[in-house]
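Every number for a ligand or one of its atoms is a count from 1 in the order of the listing. Not measured: the values here are computed from a predicted model. In what follows, residues are counted from 1 in the order of the sequence shown.
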Amino acid sequence: MDRLTAVLCSRNPHKARELERLLPGWTIEPLERGDYPPETGATYYENARIKAEFGRGNTSGWVLAEDSGLEVEALGGRPGVLSARYAPEGAPAVEKLLGELAHVEDRRARYVSELVLRAPDGSELRGTGTLEGRIADEAAGSEGFGYDPIFVPDGEEQTVAELGNDWKERSSHRARAAHALLAALSASTPEETPRVR
Ligand code: IMP
């Protein structure tokens, strides 16, 4: 089976690396553009579609788009679809969130990932994945990105940044979304596309 190539509509290099590992048989090429449209959707799916639509204007091949975020129970689901804009990526966002949750007992949170794949003929497939967990009291670990140093998945004692990239490849919200997408893809065109591993 020949490898297929999808252009990934994302400015986040971490996502391209994670998705390439998660989608066997696919080469993921990040679309490096400085003029991505604003993510004005009310849902992850709407935002993923905005990115996919932008990608379709830049290539005639397969287009992959992803929108994801962190929903914190005690904050009514914030930052949610606004996760990337909650604060600059990395330590400031982590510190801001820990500050907002200081003295808050309910630490429950979930990651959500929504993937949209557009075929060259314009048809669309999607895959959704969630990961339940809680926000740690302090940051720990060095792998992953974004909120990973303070997110402890249910059933684990360490943060995602401590559990590492191999754990993310098996169990993250993005891994679950990728598996759902690959299953949808196999069901739609089993003979033409790489199969779910
Ligand atoms: P997007 O590029 O608009 O989808 O931004 C998603 C934002 O959600 C990222 O910038 C991170 O802040 C957060 N996020 C999504 N997935 C992850 C993850 O796997 N680890 C840590 N943070 C994540």
At under 4.0 Å between heavy atoms, which part of His173 makes contact with ligand 1: side chain, backbone, both or neither?
side chain
Nitrogen or oxygen atoms of Tyr147 and ligand 1 under 3.5 Å apart
yes
Short list, please: which atoms of ligand 1 are under 4.0 Å from a heavy atom of Asp67?
1 (P), 3 (O), 4 (O)
Part of Phe151 within contact of ligand 1 (heavy atoms, under 4.0 Å)
neither
Heavy-atom closest contact (Ala48 atom, Ala65 atom, distance)
O-CB, 3.2 Å
Show the atoms of ligand 1 that are less than 4.0 angstrom away from any heavy atom in Lys168.
18 (C), 19 (O), 20 (N)
What I want to check is whether the side chains of Glu29 and Thr27 have a donor and an acceptor closer together than 3.5 Å.
no
For Trp167 and Pro153, which heavy atoms make the closest approach, and how far apart are they?
CH2-CG, 3.4 Å
Students should find that the hydrophobic cluster of Val63, defined by side-chain heavy atoms under 4.5 Å apart, otherwise consists of none
4.0 Å heavy-atom contact, Gly69 with ligand 1
yes
Atom indices of ligand 1 within 4.0 angstrom of Lys15 heavy atoms, with elements:
1 (P), 2 (O), 4 (O)
Return yes or no for this condition: an N or O of Ser10 is under 3.5 Å from an N or O of ligand 1.
no
Does an N or O anywhere in Glu39 fall below 3.5 Å from an N or O of ligand 1?
yes
Counting heavy atoms only, which part of Lys51 comes closer than 4.0 Å to ligand 1: side chain, backbone, both or neither?
side chain
Is a donor from one side chain sitting under 3.5 angstrom from an acceptor on the other, for Asp121 and Ser123?
yes
Using the six-membered ring of Tyr45, assess whether NZ or CZ of Arg126 lies under 6.0 Å from its centre and within 45 degrees of the ring axis.
yes
Name the residue from His173, Glu71, Arg174 that meets the side-chain contact (heavy atoms from CB on, under 4.5 Å) definition with Val112.
Glu71
Answer with yes or no whether the hydrophobic clustering places Leu131 together with Tyr86; edges join I, L, V, M, F, W, Y residues whose side-chain heavy atoms lie under 4.5 Å apart.
yes
Consider ligand 1: state whether an atom of it lies below 4.0 angstrom from any non-hydrogen atom of Leu70.
no
